[in-house]
Asker: 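Sharing a structure, written as structure tokens. Questions coming.
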Amino acid sequence: MQLEFKVMGGDFANAGYASSEIKKVLKQINIDPKIIKKVVVALYEAEVNICAHAYAGKVSVEITPEKISVEVSDKGPGIPDIELAMQEGFSTASPAVREMGFGAGMGLPNIKKNTDFLDIQSTVGKGTTLKFINYLT
Amino acid sequence: MSAEQFHHALKVNLEKCYGCTHCMSVCPTEAIRVREGKAIIYEHKCIDCGMCYRVCPVKAIEVEQDDFKSIFNYQRRVILYPSVLTGQFSPEISTLQIIAALKHLGFTDVFEVEHGADYLSQAMQEYMNKNSGNKPYISSFCPAIVRLIQVKFPSLVDNIIQFKPPLDIAAVYYRKRLIDEGVAPEQIGIFYLTPCAAKIAAVKSPVGEDHSSIDGVINLDFIYNRILKVIKSNPGIDTSGIQVPTLRHQSIRWALTNGEVDRFEGRCLAIDEVHNAIEFLEKLENDEIPPVDFIEIRACDESCPGGILNVENRFIAVDRIKKRAKAHKDYLSSNPTENPLMQYKTHLDENCNLKPVQPRSMLIIDKDTNKALSKLERVRELMCYLPGVDCGMCGTPSCRSLAEDIVQKVAKLSDCVFIRTKMQKEKTLGNNLSYEITKKIWGEKCMDKDCHRPGAKHNNHNAKED
Ligand SMILES: Nc1ncnc2c1ncn2[C@@H]1O[C@H](COP(=O)(O)OP(=O)(O)O)[C@@H](O)[C@H]1O
Ligand code: SF4
Ligand SMILES: [Mg+2]
């Protein structure tokens, strides 16, 4: 099954829409709640990152009985040093974003922790593409 | 326990039900369908919250109860009444008079449920301090919420605090006390005066324990009239031998919104009303809620004073209960009393734990993930054809639920009135067949003239039978 969602930069009010929808699907197809939780947390963080750091983005999800593959790509500033960005607590979030309760620098580390496979590709000045996979059994 | 074994206290009276869609559209778990002009409840989805009961225009949703006479099968007839009972009566009627009236009606022992909250508030705080179980802790108080979590939020079942609610604690205590007094176990009948259907379901098919410690339930609206009658016909009813309840004043407010939250340290939230609960649990499940230690959630607006079997307006009842709690505080400061239940702490410690609550997801469209996935694909395909207006004319609450019912082979695409109209125009469906389908969903009567319908010329459906 294929699903697609749009995510807009700055639109924190709607961050979490894609992860909620995916959660509904996974619940209906009898996936272990613990696995669902991991997927939802990872996807939510990825959505928030588009809101916080990029201009616009897209979430594409493919679900098979074995695995869920997620691609989150955005047009945005890109990440100059991915290794640094992956460190817990590292954040370039603006004060405005922090005031809204985001920007603890735990997003990418959480995505890493909650997925079975993660790949990040980024071009400074163009955008970022994050791919992750969770096995469903 | 399999889904078939779930006991529900809400039943549709097929004589009265005329197949309107009020209940179907408010049901928070989409558990209701209309077939042949009658509402049917899908047992595995029902959480006994009573929303259907509230909105039924002809009182066709009924709450079962045990025969009142069955109390006389026991020598010691104990009634556990909730503090909300005292909020039903005008302030001129005292708690002592209510207790006296309950005795007059045949109970030998009358005990306020919230005595159990004195013990529970301590036990829960200890449980939370020990960091047992998953955080945030969710109260086990409201059975409709426990069931909601089981069917709709299975990933949160381990967050439910594994402690019995005050009702069960009061029952465990009272039974033990009578046995210690030398009363034979078979002579003891413990009854609960319930403000809602969910508590009945909890007694009849408990979650997290093998059998309930309560022998029967009496509905609050049933007893209300009788208490009132006793007090009205015996204005000077003798209350001299009756003791003022010995619970802490805060426990009187336990079943009100914030009643639990006010007792605990840490970050606590209180949520009431079932749709609010769903909205919140959805976010909690997605980890979108900042860290909290404890969550009190009740299915009714204003918590138990909003229970479907209450008689008084919930806001008025809340105010009265708060006033009573305040007066009780003053009373206790000049008349310090011991809650006898607290002397049974060790017994309660041993008997008031719940086993882990098991999920029973109603959402799973097929246990086999492979099949589920193709069914879900099919649902999405069907949604391309259905109009998305959620009109309910197919006898299901939404286009989406029709699509799911079609995939589960309990409904047909032609059940949709829009599809049917189009098929008729395209002559792929005859007029007769179209009529038959409407009849299958709504029954024949809905197409006949009937001056006794709600709002019609000779309507008199509102008279309540007793
Ligand atoms: N989609 C993105 N586009 C640009 N920069 C990003 C993106 N995602 C993450 N980053 C960078 O990586 C940093 C760390 O991200 P994360 O761990 O999610 O923490 P936070 O979002 O709280 O800052 C961010 O502060 C930002 O500099
Ligand atoms: S809030 Fe109270 S009255 Fe309402 S369903 Fe829950 S336990 Fe029953
Ligand atoms: Mg982030």
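So that the names make sense, note that chain A is the first sequence line, chain B the second, and so on, each numbered from 1.
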Asker: For chain B, which residues from residues 108-137 of chain A lie under 4.5 Å away (heavy-atom distances)?
Answerer: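 At a heavy-atom separation under 4.5 Å, chain B is reached by no residue of residues 108-137 of chain A.
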
Asker: Are side-chain heavy atoms of B:N286 and A:S20 found at a separation under 4.5 Å?
Answerer: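 In short, these two side chains touch, coming nearer than 4.5 Å.
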
Asker: For chain A, which residues from residues 388-400 of chain B lie under 4.5 Å away (heavy-atom distances)?
Answerer: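 Expected list: B:R400.
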
Asker: Return yes when atom NZ of B:K371 has more than 12 non-hydrogen atoms of other residues, nucleotides or ligands closer than 6.0 Å, and no otherwise.
Answerer: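 No, because the 6.0 Å sphere around NZ of B:K371 holds 12 heavy atoms or fewer from other groups.
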
Asker: Is it the case that atom CD in A:E62 sees more than 12 heavy atoms from other parts of the structure closer than 6.0 Å?
Answerer: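 Counting other residues, nucleotides and ligands, CD of A:E62 exceeds 12 neighbours.
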
Asker: Roughly how far, to the nearest 0.5 Å, is OG of B:S361 from CG of A:N30?
Answerer: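 Reported value, rounded in 0.5 Å steps: 7.5 Å.
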
Asker: Heavy-atom distance under 4.5 Å to chain A: side chain of B:K375, backbone, both or neither?
Answerer: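 The answer is neither part of B:K375.
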
Asker: I need the single residue from B:T369, B:N370, B:D368, B:L363 that forms a side chain to side chain contact (heavy atoms under 4.5 Å, CB included) with A:I29. Which is it?
Answerer: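 Result for side chain to side chain contact (heavy atoms under 4.5 Å, CB included) with A:I29: B:T369.
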
Asker: Between B:E282 and A:K23, is there a side-chain heavy-atom distance shorter than 4.5 Å?
Answerer: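 Side chain of A:K23 against side chain of B:E282, heavy atoms only: contact under 4.5 Å found.
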
Asker: So for atom CD, which belongs to B:E279, do other residues, nucleotides or ligands contribute more than 12 heavy atoms lying within a distance under 6.0 Å?
Answerer: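 It does not: B:E279 CD has 12 such atoms or fewer within range.
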
Asker: Heavy-atom distance under 4.5 Å to chain B: side chain of A:V25, backbone, both or neither?
Answerer: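 A:V25 touches chain B through backbone and side-chain heavy atoms alike.
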
Asker: Kindly indicate whether the side chain of B:I364, heavy atoms from C-beta on, has any atom under 4.5 Å from the side chain of A:K27.
Answerer: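 No, their side chains stay 4.5 Å or more apart.
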
Asker: Would you say B:E377's side chain and A:M1's backbone share a donor-acceptor pair under 3.5 angstrom?
Answerer: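 It does hold such a pair.
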
Asker: Taking the side chain as C-beta and beyond, is there a heavy-atom pair between B:R380 and A:Q2 under 4.5 Å?
Answerer: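 They are not in contact (no side-chain heavy atoms under 4.5 Å apart), so the answer is no.
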
Asker: Taking A:L3, A:V48, A:I36 one by one, which has the highest count of heavy-atom pairs under 4.5 Å against chain B?
Answerer: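 If we count pairs closer than 4.5 Å to chain B, A:L3 comes out on top.
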
Asker: Determine whether more than 12 heavy atoms belonging to other residues, nucleotides or ligands lie under 6.0 Å from atom OH of A:Y17.
Answerer: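 Atom OH in A:Y17 is not packed in, count stays at 12 or less.
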
Asker: Quick one: which of B:L376, B:I365, B:V379 has the most heavy-atom pairs under 4.5 Å with chain A, could you say?
Answerer: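 Maximum pair count with chain A is reached by B:L376.
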
Asker: Name the option with the most non-hydrogen atom pairs under 4.5 Å to chain B; the candidates are A:P65, A:P33, A:A15.
Answerer: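 Ranked by heavy-atom pairs under 4.5 Å with chain B, first place is A:P65.
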
Asker: Roughly how far, to the nearest 0.5 Å, is the CD1 atom of A:I31 from the CG atom of B:L373?
Answerer: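 With rounding to 0.5 Å, CG (B:L373) is 8.0 Å from CD1 (A:I31).
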
